[in-house]
Amino acid sequence: DKFYDVQALSKDRAFVVGYGGKILETPDGGRTWEARPSGVDTALYALRFVDDQHGWIAGQEGVILHTADGGKSWHELAGLRGHESGPRWMPGAGGMCLHTILIDPKNPKRMWVAISAAGTFRSEDGGENWKPINKGLHSDFMPSPEAEVGHCVHRIDFHPSKPDTLFMQKHWDVMRS
């Protein structure tokens, strides 16, 4: 089994996500693990809970899953995978990996994702709808280097007290918004 991310919710309770849509939860500090249904069979790369009940998972092909019951059940938020810019996304040799999902600590309905075939997107409604936020990016390997989507963004992050300032690592560059 390949696992890509882990998040501890307490000293005993944690989740891991990985290849083949796997979600595992431990209630006892890792002594035992229980599988949770994801409803997808693609790789899951990033996991973020904002409290012990509400969490999001991001994965291959732009999949985003959400739970509101502490991880017992997960459902897909199809807004990103169905985004109108999707046909212009440019999966590379590693596929279309949604590597990063960030949740604003002051407003859990505000989220950002980074996709290594599309760029960075923001949601203001908990992941139902998404807007590309790639203005000003330049990627020489793309047919249109300053296109709205298609950039190879590997990772984004922010400081918890200043979530409006993003740091981005894309293919050959590191930038700040």
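Computed from a prediction, not measured in an experiment: that's the story for all the values here. Residue numbers run from 1 in the order of the sequence given.
- Note: F121 and H83 meet the aromatic proximity criterion, with ring centroids under 6.0 Å apart.
- Cluster membership for V17 and I64, using ILVMFWY side-chain heavy atoms within less than 4.5 angstrom, is not shared.
- Ion pair D125/R110 not flagged as a salt bridge, since none of the NZ, NE, NH1 or NH2 atoms sits closer than 4.0 Å to an Asp/Glu carboxylate oxygen.
- In this structure, W56 and H66 have tilted ring planes: the angle between them lies in the 30° to 60° band.
- When each of I115, L98, T42 is checked for a side-chain contact (heavy atoms from CB on, under 4.5 Å) with E61, only T42 meets the rule.
- E76 has a carboxylate O that lies under 4.0 Å from a charged side-chain N of R81, or vice versa, which qualifies the two as a salt bridge.
- Checked options D104, T100, D157; the residue passing with W112 is D104 (criterion: side-chain contact (heavy atoms from CB on, under 4.5 Å)).
- Counting only heavy atoms from C-beta outward, the side chains of V16 and Q7 never approach each other to under 4.5 Å.
- Both I103 and V113 belong to a common hydrophobic cluster when Ile, Leu, Val, Met, Phe, Trp and Tyr are linked at side-chain heavy-atom distances under 4.5 angstrom.
- R122 contributes atom CZ, which lies 12.5 Å from atom CG of L102 (distance to the nearest 0.5 angstrom).
- A donor-acceptor contact shorter than 3.5 Å links the side chain of T67 to the backbone of S73.
- Taking CG of L80 as the start and CH2 of W130 as the end, the distance is 6.0 Å to the nearest 0.5 Å.
- W74 and F3 are assigned to two separate hydrophobic clusters, defined by single-linkage of ILVMFWY side chains at heavy-atom distances under 4.5 Å.
- Note on K162 versus D164: no salt bridge recorded, every NZ/NE/NH1/NH2 to OD/OE distance being 4.0 Å or above.
- The neighbour count for D41 CG, taken as heavy atoms of other residues, nucleotides or ligands under 6.0 Å away, does not exceed 12.
- L77 and G126 make their closest contact through CD1-O, 3.4 Å (heavy atoms, listed as atom of the first residue, atom of the second, distance).
- Clustering ILVMFWY residues whenever any of their side-chain heavy atoms sit less than 4.5 angstrom apart, transitively, puts V6 in a cluster other than the one holding L44.
- Atom-to-atom distance recorded for L166:CG and F158:CZ is 7.5 Å, nearest 0.5 angstrom.
- In terms of modelled atom types and a separation under 3.5 Å, the side chain of D28 and the main chain of T32 share a donor-acceptor contact.
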Checklist entry - Given the rule in the side-chain contact (heavy atoms from CB on, under 4.5 Å) test, do H99 and S116 qualify, once you have shown the distances and angles that lead to the verdict? => result CA-CA 7 Å; H99 295 283; S116 66; 3.4 Å; yes
Item to check | Audit row: E25, R13, salt bridge (charged side-chain N to carboxylate O under 4.0 Å, His left out) steps and yes/no | outcome: CA-CA 7 Å; E25 178 185 6; R13 188 169 173 231; 2.7 Å; yes
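- Rounded to the nearest 0.5 angstrom, D5 CG and I101 CD1 are separated by 10.5 Å.
- In this structure, the side chains of K22 and D1 come closer than 4.5 Å at one or more pairs of heavy atoms.
- Judged by distance alone, the side chain of T26 and the main-chain N or O of A14 form no donor-acceptor pair under 3.5 Å.
- Between P27 and E34 the shortest side-chain heavy-atom distance falls below 4.5 Å.
- With values rounded to the nearest 0.5 angstrom, I23 atom CD1 is found 5.5 Å from L65 atom CG.
- Both V63 and L47 belong to a single network of hydrophobic side chains, linked directly or stepwise wherever heavy atoms of I, L, V, M, F, W or Y lie under 4.5 Å apart.
- Within a 6.0 Å sphere centred on OH of Y19, heavy atoms belonging to other residues, nucleotides or ligands number 12 at most.
- Rounding to the nearest 0.5 angstrom, the gap separating the CD atom in Q60 from the OH atom in Y4 is 8.5 Å.
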